[in-house]
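A short write-up of the structure that comes next.
So that the names make sense, note that chain A is the first sequence line, chain B the second, and so on, each numbered from 1.
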Amino acid sequence: MTSPSERYQKLGLRESLQKCYRYPIACKELSFILREAFHQIPKSLQSIIFEDTLFAFRLLPEKVKVVVRVDASLCGYDRSVEAALPNRKKNVAVTEFKHAMVSHKRRSKAQLVEKASVQLPQDILVHVFSFLDMKSLVSAGLVCWSWNIAANDNHLWQMQYVVLFGSGAKLKHTKPVEGKNYRLLQGTVDNRLITNWKDSVKGAYTVVWLNNAKCPNVHSGISEIQDIKPVTAFQVVEYLLDDSLSITSSSDSDSDYEGGPVSKLWAYGKFRKKRRRDNQEKRLQGTLFTSTMCESCHFEKIFKAEKTNDVWDTLQRAYGGAEKTRKYELLSMLDQEFVANYFSRLQLLVNSIRPWRSGDSTKYGRESLVDIILQSKDTAKMKEFQGSFEAHELKLLSRNSDRVIEEQALQAEVS
Amino acid sequence: MKMMKPYVWLQTSDDSIQQVEQEIAMFCPLICQEIIQKGMGSSKNCAICLPQQVSPAMLSLILDYCRFHQVPGRSNKERKSYDEKFVRIDTERLCELTSAADSLQLKPLVDLTSRALARIIEGKTPEEIRDIFHLPDDLTENVEVEEEHVDDRSVDDLLSFINGNDGGKLNILTILIFVFT
């Protein structure tokens, strides 16, 4: 049979006392033990229990958060301490208790004053939040419980949606549905049927970010470009977490490209291409950022970053120097995507390019459609390319060939 | 006529009663309703009971606001700059003012203070906001609470555990004492 002191250790009261939510229960147990068992247990254990009692008193001022419960359990506690302990110890305990009570009361009072003044009713919070931009709204939602509820107000998000994508009956909302293969099934939803506006905004996050969360033409801008397919959160997260996603294919082309002879096309407009790609990276990082925001993992870390540049740094740190080449994958065509869609997506990216501080040299990545398009020195030529690509697509659709062949064919045609 | 300026009696949250010019107090829809519909506030004995949120300090602030905007012939620019100065108070008081104005249904002031609060919140991280508003981080705390398992050991289980086997000797009386203390 175990000794009482061993059993007492097993109760783990001391550890419980340190945890805020366990404190009241631990106090209660301790007080029962003091009153009922103190005289029957060995001296060594008595001193341990006494220590714990003092410890509990010392912790008291910190436990203001559970004010009510602590107060209740301590009423009994105080009395049991007095009843059980021998005189000498009792004096020590009583003074400790008084000190604790005084500072506890002082602190809980201070907190009550604070709380009373700062608690705003929900409808006012919603009203306040209606003046916020999206980023601040998300931020406010992370402050505390009541703010979170207020910040998730459906009406607020409807307003956000309208600000970002314009209003009006013509507004159609594309809703990405994540299927088994993370494939995008695109469904058009009548906006009268949309009930959860926050999800709607989330669903369109890619577009949101591409414009740096500020739509240049607030009411007509983006919504005019019809078939923009956002990258799903799934894809992005997969990217971030699963290193193996595109390494095999990209490393091949990498070495190919860097080691092998540079073709005419590659050599042409090299600097510009690099710049553009840098910019595109930044955009994509933006996408990463927003979707991670939606996933809410790593949100805190990323949130602090002001610019996409910082976001990238943070992300890179977080994931231990992620492969840069992997990012290009995001821009590659989705399996089921048509050239027209892809081009509108690309064009949006390219159009939104602004001079950007290109700090780090980029490793040339995977040869993909993006590369081919970006090498063309003139974005106006893109239309031309688009035409030929679309023609190709038709052919390819009938031939049902795989991507490598497609790329080769396209390259051949371009050169 | 000026001598006959009617007054209205208002009682704030701390039970103190104030006398206020009626035309200014009427700016607040709530007070206006009380006066017109219930005929309250005409004397000290039937003072209008203001909502809990309205402390005397807040009432005087609100009345200042009403007093300024009640004067006709002020330019928009003047009003705007007054409003701007008016909300330049610390956050805590701004919150108080917002809920007081809301409880009096004084929409323009609610808008004004809400905008000011939104400006404070804007562009800040959740931690910064929490610091400014002295709000507890109960979002993360809640996760902790969820993990808390309910302690269902009964008191005498606990005692017998401590005392070993002879804990079973505890009679009902002791337990009853617990219950009543």
For chain A, the option from B:L94, B:D111, B:T113 that forms the most heavy-atom pairs under 4.5 Å = B:D111
Shortest non-hydrogen contact from B:K124 toward A:S139 | O-OG, 2.6 Å
Can you tell me if CD on B:Q19 sees more than 12 non-hydrogen neighbours from other groups inside 6.0 Å?
-> yes
Note: vs chain B, highest number of non-hydrogen pairs under 4.5 angstrom among A:A140, A:S130, A:C144 is A:C144
Heavy-atom nearest pair, A:H127 first then B:V110, reads CD2-CG1, 3.9 Å
State, yes or no, whether a side-chain contact exists between B:I121 and A:V143 at a heavy-atom distance under 4.5 Å.
-> no
Approximate separation, where rounding is to 0.5 Å, of A:L125 CG and B:C95 SG = 8.5 Å
Can you tell me how far the CD1 atom of A:I124 sits from the CG atom of B:D102, to the nearest 0.5 Å?
-> 3.5 Å
Does B:R119 reach the main-chain N or O of A:F131 with its side chain, forming a donor-acceptor pair under 3.5 Å?
-> no
Is any side-chain heavy atom of B:L135 less than 4.5 Å from a side-chain heavy atom of A:W147?
-> yes
